[in-house]
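Notes follow once the structure below has been shown.
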Amino acid sequence: MARFELKLPKMGESVAEATITNWLKEVGDKIEADEAVLEIATDKVDSEVPSEVSGVLVEQLFSKDDLVQVGQTIAIIETEGGEAAASETVNTVEETAVPAEAAVIEQTIEAVKETTTTQDFSSSDKFFSPLVKNIAKEEGVSTSELDAIAGSGKDGRVTKEDILKYIEDRKAGVVQAPKAVEPVSEPVQETPKTVVEAPKVVAETPKAVESVAPKAQQAVPVSVNGGDEIVEMDRMRKLISGYMVASVQTSAHVQSFIEVDVTNIVKWRDKVKAAFEKREGEKLTFTPIMMEAVAKALKDFPGMNISVDGEYIIKKKNINLGMAAALPNGNLIVPVIKNADQLNLVGMAKAVNDLGNRAKAGKLKPDDTQGGTYTVTNVGTFGSVFGTPIINQPQVGILALGAIRKVPAVIETPEGDFIGIRQKMFLSHSYDHRVVDGALGGSFVKRVAEYLEAFDIERDF
């Protein structure tokens, strides 16, 4: 018998951590090689973690909703026979070291369990990892103190280094721990005193006081007549909600609209789509044609291929196009086509279809959604003529493709003008007015339109 450490795998260069959303296997369950053991979620993508070996799950080192760093051991699988050697090779741990290692793991689990049962951090609206909670319990750090610590981790999260630094400062007398407060007997007027003594908080600043005082739990809405159905948002919808509100609060959104004659594109696609699918094994939609034009326009106007970081503008070297795609639960996600300007139409079609199909199947990887420099969304899929999309931060622009419609239009010829039926669509460009002025925002979307209207109906694919 041998013990195999199942670690959180590397999920892309920009992904350092993930949250456990569900254990698919429980302690004692048999597991086959490549079988999914648990489900995880990054800030954008949900995925599964498979086992590299066959065996029995003997330990779960983290619970649901725990945050795990890439490379951390999340479970122990006991293997038999020939797989023992494989386990030792993968983990570079000799079997003689297993008992000591198991003892350490066991102590860690018990410490985490003890923390969660003896000290309640539920009054805080912040997330604290099991390790931080355990250190807080061991050192007698209260919930209000944890709330007041300025975290250096992602989204202000308190890290191990942050809490250890705070404990060191407290022991040195640099900061003073707040006195324990008994809710029943302690007078209300004593609350400001506790706030004043909280670490790293200035008593005179009302904003600081708000950060220390525990926020009231949000009341669950109740149906008055009993006929309404109340459903909590799923994790992805909560994230999307937060991103959208944050984007509107961050960027000064302004829009430009332009109508485009895409008659030649419609005729060309109708003519070649059957041959394209036969030769390439891929369906040819309008999206890759539009993406090709957007990539060209971004090369012409690099001022749209930027991001904003505080008071700094970051000019992006690569053109990575995000494309809004549907997930199995109906939510939207934005996978990214890397180096889109270097793809021909066939390559663009394959990239669009691959990301779209994997999004529908829930098979996107975390790195598939990272590194976008500009985003395109096809609102015409749902019949919308145009829209006002919200910018995907920290980008500065997003283009909405409206529905293609047959409309009467004035056609100019050397012999005079006449009315004809044309295929037209609207392009809706939302851009960040903090760094993109109307001249640039309008010129960019006009250039996209010019590329589309100048489409060569005789071109090869």
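All values below come from the heavy atoms of this structure, side chains included, with hydrogens, waters and symmetry mates left out.
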R434: partners by salt bridge (Lys or Arg N to Asp or Glu O under 4.0 Å), with sequence neighbours left out: D432
Stepwise side-chain contact (heavy atoms from CB on, under 4.5 Å) check, M291 with L343: CA-CA 10 Å; M291 289 291 202; L343 300 176; over 6 Å; no
Test item: V336 and Q370 side chains (from C-beta on) under 4.5 Å apart, heavy atoms: no
Least distance between heavy atoms, L452 atom then A293 atom: CD2-CB, 3.7 Å
Taking distance alone, no hydrogens or angles, what donor-acceptor pairs closer than 3.5 Å link side-chain atoms of residues 435-450 to residues at least two apart or in another chain?
| unit_1 | atom_1 | unit_2 | atom_2 | d |
| --- | --- | --- | --- | --- |
| S443 | OG | A439 | O | 2.5 |
| R447 | NE | E450 | OE1 | 3.2 |
| R447 | NH1 | D300 | OD2 | 3.1 |

Rounded distance (nearest 0.5 Å) linking atom CG of L327 with atom CD1 of I240: 7.0 Å
Salt bridge present between R170 and E145 (N-O < 4.0 angstrom): yes
Over 12 foreign heavy atoms within 6.0 Å of CZ, F426: yes
Shortest non-hydrogen contact from L284 toward P288: CD1-CG, 4.3 Å
For the student: nearest non-hydrogen atoms of P389 and S430, plus distance: O-OG, 2.8 Å
For R422, all residues meeting salt bridge (Lys or Arg N to Asp or Glu O under 4.0 Å), sequence neighbours excluded: D261
From CD (Q69) to CG (L8), nearest 0.5 Å: 8.5 Å
Residues forming a salt bridge (Lys or Arg N to Asp or Glu O under 4.0 Å) with K296, sequence neighbours excluded: none
T263 (side chain) donor-acceptor with Q423 (main chain) under 3.5 angstrom: yes
Worked check of side chain to side chain donor-acceptor pair (under 3.5 Å) between E35 and S51: CA-CA 6 Å; E35 187 177 6; S51 172; over 6 Å; no
Test item: N378 and M290 side chains (from C-beta on) under 4.5 Å apart, heavy atoms: no
Pairwise side-chain contact, Q60 with L38, heavy-atom cut-off 4.5 Å (strictly under): no
Heavy atoms from other residues, nucleotides or ligands near NZ of K283 exceed 12 (cutoff 6.0 Å): no
Can you give each donor-acceptor pair under 3.5 Å made by side-chain atoms of residues 313-321, sequence neighbours left out, with the distance rounded to 0.1 Å?
| unit_1 | atom_1 | unit_2 | atom_2 | d |
| --- | --- | --- | --- | --- |
| N320 | OD1 | N339 | N | 2.8 |
| N320 | ND2 | G371 | O | 3.0 |

Side-chain (S247) to main-chain (M244) donor-acceptor, under 3.5 angstrom: no
Donor-acceptor list for residues 395-403 side chains, cut-off 3.5 Å, not counting sequence neighbours:
| unit_1 | atom_1 | unit_2 | atom_2 | d |
| --- | --- | --- | --- | --- |
| Q395 | OE1 | Y374 | N | 3.4 |
| Q395 | OE1 | T375 | N | 3.2 |
| Q395 | OE1 | T375 | OG1 | 2.8 |
| Q395 | NE2 | G372 | O | 3.2 |

Spacing of CD1 belonging to I258 relative to CG belonging to L427, to within rounding of 0.5 Å: 7.0 Å
Over all atoms of both residues, closest heavy-atom pair of F62 and L67: CE2-O, 4.3 Å
More than 12 heavy atoms from other groups under 6.0 Å of OH on Y312: no
I289 and F461: CA distance, side-chain angles, deciding distance, side-chain contact (heavy atoms from CB on, under 4.5 Å) verdict: CA-CA 10 Å; I289 301 173; F461 52 80; over 6 Å; no
Test item: D234 and N331 side chains (from C-beta on) under 4.5 Å apart, heavy atoms: yes
Approximate separation, where rounding is to 0.5 Å, of T373 OG1 and M304 CE: 10.0 Å
Shortest non-hydrogen contact between M233 and K238, atoms and distance: O-CE, 3.2 Å
Parallel, tilted or perpendicular, as decided by the 30° and 60° cut-offs, for the rings of H429 and Y431: tilted
Over 12 non-hydrogen atoms of neighbours within 6.0 angstrom of NZ in K406: no
Any L298 side-chain heavy atom under 4.5 Å of D341 side chain: no
Min side-chain heavy-atom separation K271-E458 under 4.5 Å: yes
Minimum side-chain heavy-atom gap Y166-D162 below 4.5 Å: no
Neighbour count above 12 (heavy atom, 6.0 Å) for K365 NZ: no
Qualifying residue, where the test is salt bridge (charged side-chain N to carboxylate O under 4.0 Å, His left out) with D368 and the options are R358, K338, K363: R358
Any side-chain heavy-atom pair of I74 and V49 under 4.5 Å: yes
Main-chain N/O of N353 paired to N357 side chain as donor or acceptor, under 3.5 Å: yes
Test side-chain contact (heavy atoms from CB on, under 4.5 Å) applied to I419 and V410, step by step: CA-CA 5 Å; I419 301 295; V410 176; 3.8 Å; yes
Rounded distance (nearest 0.5 Å) linking atom OG1 of T250 with atom OH of Y243: 13.0 Å
Shortest non-hydrogen contact between G356 and M323, atoms and distance: N-CE, 4.1 Å
Q255 and S428: CA distance, side-chain angles, deciding distance, side chain to side chain donor-acceptor pair (under 3.5 Å) verdict: CA-CA 7 Å; Q255 284 84 25; S428 311; over 6 Å; no
Nearest-0.5 Å distance that lies between atom NZ in K273 and atom CD in E282: 16.0 Å
